[in-house]
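Below is one structure, written out as structure tokens; comments come after it.
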Amino acid sequence: MPGVLAGLMEARRKNPLLMALIDPEKYSPNTAGDIASALDDSPFYAILVGGSTAIWQSKVDDIILAMREKTAKPIIIFPGSISNLSPKADAVLFISLLNSDSTFYLIDQQFLAAPIVKGMSLEAIPTAYIIVGEGATAGFVGRARPIPEDRPELAAIYALTAGYLGFRLLYLEAGSGAKRPISPSFVETVKKASPVPVMAGGGIRTAAQVHELFDHGADIVVIGNVLENPSDAAELIRGLKALRA
Ligand code: 1GP
């Protein structure tokens with residue numbers, strides 16, 4: 001069976017991809033199972049599981065197991081910290097927050113996590129993580145020096161750096177619940193310079209916003225917050241299906 005990264009690169013060759021973010025702080029196993037059912041019949045390619053606060057392993061295990069009963073889509077940890085790791089997932093975005101002022105988010109947690117990831121037999125996907133603009137909780141917790149929204153050229157340099165350092169994905173993060181998503185023109189500038197696929201997330205709420213980001217070069221778009229309300233999630237999925245049809 002191909003690995004998760006190989007599978008997503010293959011899928012990306014046909015279309016840009018959507019990923020759903022499930023924050024274990026915001027879901028119970030029951031509600032996570034419900035959203036996994038809804039996502040199963042939707043254009044979402046994979047499910048990310050992660051958050052910045054109040055996460056512990058048994059909670060993540062329970063949420064992933066509940067989702068596994070409802071969908072066969074890949075489940076990938078998007079860790080805020082080591083306590084977010086779970087052997088029940090298929091893979092982990094092995095992230096380094098490149099614009100953090102703290103070595104804790106750049107390399108120290110990764111040093112502590114590496115033997116655990118190996119022990120859990122998780123596929124590690126080397127991912128450069130960049131906080132842009134508001135940054136929300138991820139920016140605060142990660143001690144980020146966020147890239148100003150009108151300075152995409154700085155993120156483009158990080159993209160080049162990420163490629164030279166051997167990362168396989170670049171994740172541009174406005175922060176979960178950000179008032180404004182990263183702009184399409186920002187994504188376009190970064191994409192032009194990036195040797196690796198570009199992910200964008202934070203504050204994206206509508207199918208139209210998703211498609212605008214795809215049109216400007218995003219390889220992967222991540223949506224979290226809006227899925228927490230079942231009727232908003234259903235409306236978004238309807239909109240995505242309509243735009244894809
Ligand atoms: C946050 O990019 C993700 O890490 C998703 O953001 O929750 O605002 O959709 P939202």
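Order of appearance sets the numbers: ligands from 1, and atoms from 1 within every ligand. Along the sequence shown, residues are numbered consecutively beginning with 1.
Those atoms of ligand 1 that come under 4.0 Å of a heavy atom in I223, given as number and element, are 9 (O). For ligand 1, the atoms lying closer than 4.0 Å to a non-hydrogen atom of G202 are 2 (O), 3 (C), 5 (C), 6 (O), 8 (O). Taking a cut-off of under 4.0 Å to the non-hydrogen atoms of L21, the atoms of ligand 1 that pass are 1 (C), 3 (C), 4 (O), 5 (C). Ligand-side atoms of ligand 1 in range of G203: 6 (O), 8 (O), 10 (P), range being under 4.0 angstrom from any heavy atom.
When only modelled atom types and interatomic distance are considered, N30 and S28 share no side-chain donor-acceptor pair under 3.5 Å. Between the side chains of T53 and E25, at least one donor-acceptor pair of N or O atoms lies under 3.5 Å. Remark: the S100 side chain and the S102 side chain contain no N/O donor-acceptor pair separated by less than 3.5 Å.
Of the candidates A178, S176, G201, G51, S176 brings a heavy atom nearest to atom 7 (O) of ligand 1.
G224 N, 2.7 Å is the protein heavy atom nearest to atom 9 (O) of ligand 1. What sits closest to atom 3 (C) of ligand 1 on the protein, heavy atoms only, is Y171 OH, 3.4 Å.
The distance between the ring centers of Y171 and F78 falls below 6.0 angstrom.
Electrostatic pairing of E188 and K191 does not count as a salt bridge here, judged by no charged N lying under 4.0 Å from a carboxylate O.
The list of salt bridge (charged side-chain N to carboxylate O under 4.0 Å, His left out) pairs with a residue in residues 68-94, not counting sequence neighbours, reads R68-D90. Residue pairs meeting the salt bridge (charged side-chain N to carboxylate O under 4.0 Å, His left out) criterion with at least one member in residues 106-134, sequence neighbours excluded, are E134-K179.
Contact annotation: for N225 versus ligand 1, heavy atoms closer than 4.0 Å belong to both the backbone and the side chain. Under 4.0 Å from ligand 1, the heavy atoms of E173 that appear belong solely to its side chain.
Ligand 1 has G177 within reach: a non-hydrogen atom of the residue lies less than 4.0 Å from it.
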